[in-house]
Undergrad: 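Take a look at the following structure, please.
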Amino acid sequence: MTVPGPVVLVGCGRLGSAILEGWLLTDTVAAEDLIILSPSEKPAAEAARAMGARINPPLEALIEAAVIVLAVKPAIWRAVIAPLAPFLNDQAVILSVMAGVTAPSLAEGIGGWPIVRVMPTTGVSRGRGVASVWSADPRAETLGRHLFAAMAETVVLTDEALMDAATAVAGSGAAYFYAFTEALARAGQAAGLDATTADVLARATLRSAADSMGDDALDALIGRIASPGGSTRAGLDALDRDGRLQTMLDDTVAAAVRRNREMGA
């Protein structure tokens with residue numbers, strides 16, 4: 001698929017910069033086809049400028065834009081989009097990566113342009129992210145998938161209401177794995193390892209597990225390591241005694257879903 005016009009990135013914070021780096025890394029969007037609107041230039045934007053991207057040009061440059069990517073904080077998007085709207089053409093697509101801001105809210109604040117919501121992880125900067133896509137408009141959905149497929153494992157959601165859950169699992173999930181790894185290292189220290197050794201072992205184990213996972217069923221992967229009656233099985237039984245692991249993660253995801261909806265409101 002060829003994007004039929006410039007791609008406008010509005011906001012170049014942590015997530016916006018990650019998206020920009022991923023586009024350039026994977027050649028999904030050529031630098032000369034990029035327009036970046038940001039109040040302050042970030043390193044990613046400066047690198048894109050050196051490759052031919054336009055940074056904060058006159059708003060008349062938006063007239064031919066094919067897609068406007070909103071990567072600003074949910075609390076300020078209305079103020080950000082208001083001065084841009086008069087310069088958008090009828091065929092432009094609005095692509096939002098803002099957590100919690102629903103398509104009806106976007107339509108109310110923007111107007112009648114097709115909308116696609118995408119929730120990517122910052123791993124897109126390395127071409128190894130995850131992205132959830134939803135749109136009620138087939139053309140907008142196709143465009144959203146195209147802009148992220150080369151740099152993320154992409155799933156298409158059938159209902160916008162699922163976006164908050166997808167965000168809680170994938171958008172926030174990496175932090176949960178990091179927190180678990182940190183706790184595992186501390187448990188290693190409690191068992192007698194020095195802090196450096198425990199940290200190296202916990203981090204390396206996370207990387208090794210991710211590299212070994214492939215597409216196999218998760219219960220099968222667990223079974224390969226946890227032999228009946230062995231030490232791994234004993235540890236897993238302690239981890240999930242009385243179902244507490246599943247309960248804890250249910251509560252974790254539910255809390256993230258609630259917060260996404262609060263931010264959107």
Undergrad: Can you name the nearest heavy-atom pair linking Glu160 to Ala103, along with the distance?
TA: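 Taking every non-hydrogen atom into account, OE2-N, 2.5 Å.
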Undergrad: Quick check: closest heavy atoms across Arg117 and Gly100, and the distance to 0.1 Å?
TA: NH2-N, 3.5 Å
Undergrad: Is there a donor-acceptor pair closer than 3.5 Å between any side-chain N or O of Asp199 and the backbone N or O of Ala185?
TA: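 Side chain of Asp199 to backbone of Ala185: no pair is present.
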Undergrad: Go through it in stages, so that I can follow the logic: the residues are Ile68 and Val93, the test is side chain to side chain contact (heavy atoms under 4.5 Å, CB included), and I'd like the CA-CA distance, side-chain angles, deciding distance and then a yes or no.
TA: CA-CA 6 Å; Ile68 311 297; Val93 168; over 6 Å; no
Undergrad: To the nearest 0.5 Å, what is the distance between CG on Leu245 and CG on Leu239?
TA: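 Nearest 0.5 Å value for the CG-CG distance: 4.5 Å.
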Undergrad: For atom CZ of Arg14, is the number of surrounding heavy atoms from other residues, nucleotides or ligands below 6.0 Å larger than 12?
TA: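 No, CZ of Arg14 has 12 or fewer neighbouring heavy atoms, counting only those of other groups under 6.0 Å.
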Undergrad: Quick check: are there more than 12 heavy atoms from other residues, nucleotides or ligands sitting under 6.0 Å from CZ of Arg203?
TA: no
Undergrad: Begin from the C-alpha positions of Ile115 and Asp137 and carry the test side chain to side chain contact (heavy atoms under 4.5 Å, CB included) through to its verdict.
TA: CA-CA 7 Å; Ile115 293 168; Asp137 183 282; over 6 Å; no
Undergrad: Can you tell me which residue among Val69, Leu88, Val67 is in a side chain to side chain contact (heavy atoms under 4.5 Å, CB included) with Ile94?
TA: Leu88
Undergrad: May I ask you to decide whether Arg145 forms a salt bridge with Glu141, counting only side-chain N to carboxylate O separations under 4.0 Å?
TA: yes
Undergrad: Is there side-chain contact between Phe87 and Val8, with heavy atoms separated by less than 4.5 Å?
TA: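 The answer is no; the side chains never approach within 4.5 Å.
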Undergrad: Ignoring hydrogens and angles, tell me if any N or O in the side chain of Thr252 forms a donor-acceptor pair with the backbone of Met248 under 3.5 Å.
TA: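 Yes; at least one donor-acceptor contact below 3.5 Å.
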Undergrad: Of Ile81, Leu62, Leu37, which is the lone residue that meets side chain to side chain contact (heavy atoms under 4.5 Å, CB included) with Val10?
TA: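 Checked Ile81, Leu62, Leu37 against Val10; only one passes side chain to side chain contact (heavy atoms under 4.5 Å, CB included): Leu37.
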Undergrad: For Asp242, is the CG atom crowded, meaning more than 12 foreign heavy atoms sit under 6.0 Å from it?
TA: no
Undergrad: Charged N to carboxylate O below 4.0 Å: is that the case for Glu46 and Lys42?
TA: no
Undergrad: Before you tell me yes or no, could you show the steps for Glu182 and Arg186 under salt bridge (charged side-chain N to carboxylate O under 4.0 Å, His left out), namely the whole-Å CA-CA distance, both residues' side-chain angles and the distance that decides it to 0.1 Å?
TA: CA-CA 6 Å; Glu182 182 180 43; Arg186 289 176 177 170; 3.4 Å; yes
Undergrad: Please step through side chain to side chain contact (heavy atoms under 4.5 Å, CB included) for the pair Val133 and Thr154, ending with a clear verdict.
TA: CA-CA 7 Å; Val133 179; Thr154 303; 3.6 Å; yes
Undergrad: Let me confirm one number: the OG-CG distance from Ser38 to Asn56, rounded to the nearest 0.5 Å.
TA: 6.5 Å
Undergrad: Check whether any side-chain heavy atom of Val116 lies under 4.5 Å from a side-chain heavy atom of Leu95, and answer yes or no.
TA: yes
Undergrad: A quick test of your reading: do over 12 heavy atoms of other residues, nucleotides or ligands sit less than 6.0 Å from CD of Gln189?
TA: yes
Undergrad: Got a salt bridge between Asp216 and Arg224, using NZ or NE/NH1/NH2 to carboxylate O under 4.0 Å?
TA: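 So Asp216 pairs with Arg224 through a salt bridge.
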Undergrad: Is there side-chain contact between Ile19 and Phe148, with heavy atoms separated by less than 4.5 Å?
TA: yes
Undergrad: Which heavy atom in Ala71 sits nearest to a heavy atom in Gly16, and how many Å separate them?
TA: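 Looks like CB-CA, 4.1 Å.
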Undergrad: Could you check whether any side-chain heavy atom of Val3 comes within less than 4.5 Å of a side-chain heavy atom of Leu143, counting everything from C-beta outward?
TA: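 Contact flag for Val3/Leu143 side chains = yes.
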Undergrad: For Arg244, look at atom CZ and say whether over 12 heavy atoms of other residues, nucleotides or ligands are found less than 6.0 Å away.
TA: yes
Undergrad: Check for me, please, whether Val29 and Met51 land in the same ILVMFWY cluster - side-chain distances under 4.5 Å, paths through other members count.
TA: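 Yes.
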Undergrad: Side-chain heavy atoms nearer than 4.5 Å, only ILVMFWY residues, links allowed to pass through others: does that put Leu221 and Leu236 together?
TA: no
Undergrad: Just so I know, are the side chains of Thr28 and Leu147 near enough to count as touching, which here means a heavy-atom distance under 4.5 Å?
TA: yes
Undergrad: Show, in sequence, the C-alpha distance, side-chain angles and deciding distance for Leu201 and Leu184, and conclude whether the side chain to side chain contact (heavy atoms under 4.5 Å, CB included) test is met.
TA: CA-CA 9 Å; Leu201 289 174; Leu184 181 61; over 6 Å; no
Undergrad: Once rounded to the nearest 0.5 Å, what's the spacing between atom CG of Leu106 and atom CE of Met98?
TA: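 Rounded to the nearest 0.5 Å, the CG-CE separation comes to 5.0 Å.
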Undergrad: Does a side-chain heavy-atom distance below 4.5 Å link Met151 with Glu21?
TA: no
Undergrad: What I'd like to find out is whether the side chain of Trp134 reaches to under 4.5 Å of the side chain of Val118, using heavy atoms alone.
TA: no
Undergrad: For Ser125 and Thr122, which I'm curious about, is there any donor-acceptor pair between the side chains at under 3.5 Å?
TA: no
Undergrad: If you group Ile, Leu, Val, Met, Phe, Trp and Tyr by side-chain heavy-atom gaps below 4.5 Å, do Leu157 and Val253 land in one group?
TA: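 Looking at the clustering, Val253 is in a separate group from Leu157.
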Undergrad: Any side-chain heavy atom of Leu59 sitting closer than 4.5 Å to one from Leu84?
TA: yes
Undergrad: Could you pull out the closest heavy-atom pair between Ala140 and Ser135, with the gap in Å?
TA: CB-OG, 3.5 Å
Undergrad: Are Leu206 and Val130 linked, directly or through intermediate hydrophobic residues, by side-chain heavy-atom contacts shorter than 4.5 Å (ILVMFWY only)?
TA: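 No; Leu206 is not reachable from Val130 via cluster members.
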Undergrad: Output yes when a side-chain donor or acceptor of Ser208 lies under 3.5 Å from a complementary backbone atom of Ala204, and no otherwise.
TA: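 Such a contact is absent between Ser208 side chain and Ala204 backbone.
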Undergrad: Measure across Asn260 and Ala168 and return the closest heavy-atom pair with its distance rounded to 0.1 Å.
TA: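 Closest pair (atom of Asn260, atom of Ala168, distance): ND2-N, 4.1 Å.
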Undergrad: Please tell me whether Phe177 and Val200 are part of a single hydrophobic cluster in this structure, the criterion being side-chain heavy atoms less than 4.5 Å apart.
TA: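 No: no chain of side-chain contacts under 4.5 Å links Phe177 to Val200.
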Undergrad: Measure the OG1-CG distance between Thr232 and Asp237 for me, rounded to the nearest 0.5 Å.
TA: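 Nearest 0.5 Å value for the OG1-CG distance: 10.5 Å.
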Undergrad: Look only at the side chain of Thr26 and the backbone of Ala150, and say whether a donor-acceptor pair between them is shorter than 3.5 Å.
TA: no
Undergrad: Working to the nearest 0.5 angstrom, can you tell me the gap between Glu64 CD and Asp33 CG?
TA: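 Atom-to-atom, Glu64:CD and Asp33:CG are 12.5 Å apart.
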Undergrad: Please check this pair: side chain of Trp77 against backbone of Gly109, looking for a donor-acceptor N/O pair closer than 3.5 Å.
TA: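 The answer is no, because no donor-acceptor pair under 3.5 Å joins these two groups.
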Undergrad: With distance as the sole criterion, is a donor-acceptor pair present between the side chains of Thr197 and Asp194 under 3.5 Å?
TA: yes
Undergrad: CE of Met163 to OG of Ser132: how many Å apart, nearest 0.5 Å?
TA: 6.0 Å
Undergrad: For a quick test of reading the model, state the closest non-hydrogen atom pair linking Ala92 to Pro114 and the distance between them.
TA: O-CD, 3.3 Å
